[in-house]
There are 2 protein chains.
Amino acid sequence: MNRLKSSQKPPSAAFESEPCPMPDIAKLIGGKWKLIILQILIFKGMKRFNELRRMIDGVTQTMLTKQLRALEADGLVKRKIYPEVPPRVEYTATKRAHDLQDMFMAMHDWWVAGQEEK
Amino acid sequence: MNRLKSSQKPPSAAFESEPCPMPDIAKLIGGKWKLIILQILIFKGMKRFNELRRMIDGVTQTMLTKQLRALEADGLVKRKIYPEVPPRVEYTATKRAHDLQDMFMAMHDWWVAGQEEK
DNA sequence: CTGTATCCAGTACGATACTG
DNA sequence: CAGTATCGTACTGGATACAG
C-alpha cells in the first residue's frame, strides 16, 4: 500500500530552493508548554496568569512564567501589567502570534485525522 | 496598533470545544532535528542516511539515528533496509507524515512573513 | 555505509518555599 | 494574584570510539 512513485504533490515551491530554518522555528515553539499557551491565547483570547494556570493541566507556576517570558521575548505574547492591588496581569497573543492560526488549524486537523484512522 | 477587539477570526470551530493535546503533538515533532528531517523527506522524497546527514547542517550520526528511530516509532518515517554490502538504508516519509504538508507550508509561510516584516 | 555503545555536558523541567 | 529564588533531577544533545 502507498508506495510513493514519483510525486505525491505538485511543485510545493516553498521548500525547493530555500534552506528554511526549521531549527529556528523549533526554538520559538519548541517548549513543552508553548504550543498550548499560544493555542489558548490565539483562539480564546486574553487570559490572566492564574486562568492560564488552571487551563493548562500539569503546569507549574515556575514553568508557566518561564515559557510566557520566552514567548514575550520572541514577540509572540504581550504582557500587560495593571499596577493595582491585588496585582493583575493580562496575557494576549500578538499579531505575529495570530498569524500562526493557519498552522495551528493544520496541526489540529492532522492530529484529528490521525486519531480517526485508528 | 492592533488592539484585538472582539474576533480577529470567525468561528475556528476546531479549538472551541476540544482539549486538543498540543503536548502530544509536541512530543512527535519536538526534537531538535525532527522538523527538518520531516521537511526534507516530505518535500524532497526518499533519502539515504548519509544524504540526510550531509543535508542537515550540524547534525551528528548519533542524533540523526536517534531522531529517525523516534520518527519511525511514531509512524512518520519508513525505514527500508537493503541486505547488501555495503549496506543501504532508505528513509521515506509515511502517508501520515505527508499529511503534514499543509502544516509545514503554513509554518514556512509564517516564518517568511515574519522575516519580511523586519 | 550505516549504524551502536559509552560517556559527558548543558539545559529543560519541576517541587518547594518565599515575596511585593 | 502573580510572581522570584533555589535547588535537584531527567532528559536531550553531542564527541568519540567501535561494529556488522
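By convention in this document, chain letters (A, B, ...) are assigned in the order of the sequence lines, proteins followed by strands, and residues within each chain are numbered from 1.
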key: Residue whose closest nucleotide on DNA chain D lies nearer the 5' end, Val59(B) versus Leu68(A)   = Leu68(A)

inquiry  = Need to verify one output field. Residue with the more 5' nearest nucleotide on DNA chain D, Pro87(A) or Thr65(A)?
reply    = Pro87(A)

task = Using only side-chain N and O atoms of Arg79(A), determine if any of them is under 4.0 Å from OP1 or OP2 of dG3(D).
result = yes

task = Look at the side-chain N and O atoms of Arg48(A) and state whether any lies under 4.0 Å from the OP1 or OP2 oxygen of dC1(D).
result = no

Round to a whole Å and report the spacing from [atom1] of [X] to [atom2] of [N].
X        : N       : atom1 : atom2 : result
Leu28(B) : dT12(D) : CG    : P     : 13 Å
Met63(B) : dT16(D) : CE    : P     : 16 Å
Met46(A) : dA2(D)  : CE    : P     : 11 Å
Gln61(B) : dA19(D) : CD    : P     : 15 Å
Ile81(A) : dA2(D)  : CD1   : P     : 11 Å

Students often get this wrong, so: under 4.0 angstrom with heavy atoms, is [X] touching a base, only sugar-phosphate, or nothing?
X        : answer
Gln67(A) : sugar-phosphate
Tyr91(A) : sugar-phosphate
Arg53(B) : nothing
Thr62(B) : base
Lys66(B) : base

When you compare the side chain of [Y] with that of [X], does any pair of heavy atoms fall below 4.5 Å?
X        : Y        : answer
Leu71(A) : Leu38(A) : yes
Glu90(B) : Lys47(B) : no
Val89(B) : Tyr82(B) : no

Under 3.5 Å: donor-acceptor pair, side chain of Glu72(B), backbone of Arg69(B) = no

request  = Using modelled atom types only, decide if a donor and an acceptor are shared between the side chain of Thr94(B) and the backbone of Gly75(B) within a distance under 3.5 Å.
outcome  = yes

inquiry  = Using the side chain to side chain contact (heavy atoms under 4.5 Å, CB included) criterion, which residues pair with Ala106(B)? Sequence neighbours excluded.
reply    = Asp102(A), Met103(A)

task = Return the 5'-most residue of the pair Lys32(A), Arg88(B) with respect to DNA chain C, ranking by each residue's nearest nucleotide.
result = Arg88(B)

key: From dG3(D), dG14(D), dT6(D), nucleotide with atom closest to Val89(A) side chain   = dG3(D)

request  = Could you list where the contact with chain B starts and ends along DNA chain C, reading 5' to 3', using a 4.0 Å heavy-atom cut-off?
outcome  = dC1(C) to dA5(C)

Pairs of donor and acceptor atoms involving the side chains of residues 56-67 of chain B, under 3.5 Å and at least two apart or interchain, shall be tabulated with distances.
unit_1   : atom_1 : unit_2   : atom_2 : d
Thr60(B) : OG1    : Met63(B) : N      : 3.3
Thr65(B) : OG1    : Gln61(B) : O      : 3.0
Gln67(B) : OE1    : Trp33(B) : N      : 3.2
Gln67(B) : OE1    : Lys34(B) : N      : 3.4

